[in-house]
S.K.: 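Okay, here's the structure, questions in a sec.
Note that these values count all heavy atoms, side chains included, but never hydrogens, waters or copies made by symmetry. We name chains A, B, ... by the order of the sequence lines, and we start the count at 1 in each one.
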Number of protein chains: 2
Amino acid sequence: MNPTDHIPPVLTLAEAKAQFVHTWGVSGANWGVSKTLAQVHALLLVSPGALSTEDLMEQLKISRGNASMTVRELLDMGLVYKELRPGERREYFIAEKDMLQVTRCIIRVRKRRELDQMKRSLDQLANLPGDPADAEYRAFHATLTDIQQLATVSDKLLTRLMQAERSWFWDKFIKLFT
Amino acid sequence: MNPTDHIPPVLTLAEAKAQFVHTWGVSGANWGVSKTLAQVHALLLVSPGALSTEDLMEQLKISRGNASMTVRELLDMGLVYKELRPGERREYFIAEKDMLQVTRCIIRVRKRRELDQMKRSLDQLANLPGDPADAEYRAFHATLTDIQQLATVSDKLLTRLMQAERSWFWDKFIKLFT
DNA sequence: CACAAGTTTCAATAATTATTGAAACTTGTG
DNA sequence: CACAAGTTTCAATAATTATTGAAACTTGTG
């Protein structure tokens with residue numbers, strides 16, 4: 001009896017990939033993107049080569065329209081690239097595999113959606129005139145200013161993280177926290 | 001003509017508060033909590049005193065059930081406290097006004113929902129055995145390891161931010177980025 | 001320019017998530 | 001313990017968001 005015979009792999013590679021796609025899909029829903037978007041991203045991340053719309057439809061069992069729109073959104077986010085093959089009409093897609101780049105894209109997209117928009121509304125409100133002698137006004141204004149300051153700090157932190165070079169900020173963080 | 005006569009306040013305090021509640025509600029939706037939850041939080045943040053369920057229902061035009069569940073969720077998150085008044089059945093609620101505390105609560109809740117759960121699933125997958133001679137397996141494993149490392153760094157960063165004392169980490173960040 | 005092989009759009013529909021409101025429950029008091 | 005004054009639960013419904021799939025569109029080629 002071969003000594004490795006009795007240690008069967010728990011999952012085949014294909015099964016592990018499928019599970020990753022599933023997991024990433026669930027996580028995506030928690031992150032505020034659609035399950036399909038996360039799954040398409042996951043599938044492209046673990047596929048060595050580029051995939052066509054047809055491949056995505058088939059492997060994830062989604063419609064052509066869904067595949068088309070989702071892929072376009074991933075292209076907009078910068079998480080996926082088009083791969084054109086000479087002499088072929090069909091478009092292929094390949095994921096950005098460098099996790100530093102992926103992180104940057106995700107931070108950029110989420111910052112825009114979650115922070116920038118709020119900041120714009122707050123700036124407007126915080127500058128409103130009011131009677132500085134009115135205690136209620138002062139309280140309101142103080143709360144708003146606090147929130148604004150927080151938003152500003154978060155903004156700058158995220159901007160730095162986004163621009164970080166692997167060599168500098170990133171390594172610094174890894175060293176600090178690993 | 002008094003020189004200030006022709007500069008009427010653009011909004012009254014009440015209007016500004018209403019607008020803040022609205023803004024915070026819209027932002028809340030982008031942050032992955034329900035609009036109502038964000039609005040209740042906003043209203044409590046800008047109210048000098050504590051409010052009852054009845055007050056919330058009336059001011060935000062929401063049902064009793066909604067108010068009750070939303071307030072409980074905010075209590076669970078640690079963003080809102082109960083205020084009990086001797087001799088009264090009715091419960092009043094007051095928001096945590098210290099923005100450092102508020103930030104901690106939000107980080108904690110979001111980390112749990114968005115990161116911790118994903119990390120658990122990933123850890124399981126990344127430890128799967130496979131044939132190290134298989135290039136496809138190595139690629140898959142490398143991607144997973146990268147993601148895992150990223151998740152770990154994010155986790156530690158957020159944990160630090162969460163435990164940060166105003167005097168230390170917080171000021172450091174403010175200085176670094178303001 | 002007609003056609004083949006694709007992609008994109010978008011109205012209809014399905015799936016999901018949030019909200020209502022009435023009934024059940026809780027708790028303090030005479 | 002009966003009642004008053006609240007709170008909570010949860011099934012039904014409303015609102016929102018995601019998905020489908022067919023029609024319109026695009027683009028390269030004989």
S.K.: Could you tell me the separation between the OG1 atom of A:T103 and the CG atom of A:D98, rounded to the nearest 0.5 Å?
M.R.: 8.5 Å
S.K.: With rounding to the nearest 0.5 angstrom, report the NE2 to NZ distance, A:H22 to A:K35.
M.R.: 7.5 Å
S.K.: Could you state the atom-to-atom distance from CE of A:M57 to P of C:dT7 in whole Å?
M.R.: 10 Å
S.K.: Answer with base, sugar-phosphate or nothing: what part of the nucleic acid does B:R90 contact at a heavy-atom distance below 4.0 Å?
M.R.: sugar-phosphate
S.K.: Please work out whether the ring planes of A:F140 and B:F20 are parallel, tilted or perpendicular, with thresholds of 30° and 60°.
M.R.: perpendicular
S.K.: Does C:dA2 have a Watson-Crick or wobble mate here (both distances under 3.5 Å), and if so which one?
M.R.: D:dT29
S.K.: Heavy-atom nearest nucleotide on DNA chain D for B:M69 versus B:R64: which residue maps closer to 5'?
M.R.: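 Taking each residue's closest nucleotide, the earlier one in sequence belongs to B:R64.
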S.K.: Would you kindly give the CZ-to-C1' distance between B:R89 and D:dG6, to the nearest whole Å?
M.R.: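 Rounding to the nearest Å, CZ of B:R89 and C1' of D:dG6 are 4 Å apart.
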S.K.: Salt bridge or not between A:E96 and A:R104? Use side-chain N to carboxylate O under 4.0 Å.
M.R.: no
S.K.: Between P on D:dT7 and CD on B:E83, what's the gap in Å once rounded to a whole number?
M.R.: 14 Å
S.K.: So, does A:S63 get its side chain near the phosphate of D:dG21, meaning an N or O under 4.0 Å from OP1 or OP2?
M.R.: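 For A:S63, the contact criterion (side-chain N or O under 4.0 Å from OP1 or OP2 of D:dG21) is not met.
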S.K.: Is the phosphate of C:dT9, meaning OP1 or OP2, less than 4.0 Å from a side-chain N or O of A:R72?
M.R.: yes
S.K.: How far does CZ of A:R113 sit from CH2 of B:W31, to the nearest 0.5 angstrom?
M.R.: 11.0 Å
S.K.: Just to be sure I understand the geometry, which residues of residues 23-46 of chain B put a non-hydrogen atom under 4.0 Å away from DNA chain D?
M.R.: none
S.K.: What is the separation between atom CG on B:L60 and atom C1' on C:dA18, rounded to the nearest whole Å?
M.R.: 15 Å
S.K.: Name the pairing partner of C:dT7, where a pair is Watson-Crick or G-U wobble with both distances under 3.5 Å, or state none.
M.R.: D:dA24
S.K.: Verify the distance criterion only: is there a donor paired with an acceptor across the side chains of A:S52 and A:D55 at less than 3.5 Å?
M.R.: yes
S.K.: Between P on D:dT7 and CG on B:D55, what's the gap in Å once rounded to a whole number?
M.R.: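 My rounded result for the distance is 11 Å.
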S.K.: Rounded to whole angstroms, how far apart are CD1 on A:I62 and C1' on C:dA15?
M.R.: 16 Å
S.K.: Considering every strand and a 4.0 Å limit on heavy-atom distances, what is the contact class for B:E54: base, sugar-phosphate, or nothing?
M.R.: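 Contact class for B:E54: none.
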S.K.: Counting Watson-Crick and G-U wobble pairs only, both distances under 3.5 Å, name the nucleotide matched with D:dA14, or none.
M.R.: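 Result: C:dT17.
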S.K.: Over how many whole Å does the gap from B:L56 atom CG to D:dG6 atom C1' extend?
M.R.: 15 Å
S.K.: Out of curiosity, B:I147 CD1 to A:S27 OG, how far, rounded to the nearest 0.5 Å?
M.R.: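 Going from CD1 on B:I147 over to OG on A:S27, the span is 10.0 Å.
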S.K.: From CG of B:L84 over to C1' of D:dT7, roughly how many Å is that when rounded to an integer?
M.R.: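 Taking atom C1' of D:dT7 as the reference, CG of B:L84 is at 13 Å.
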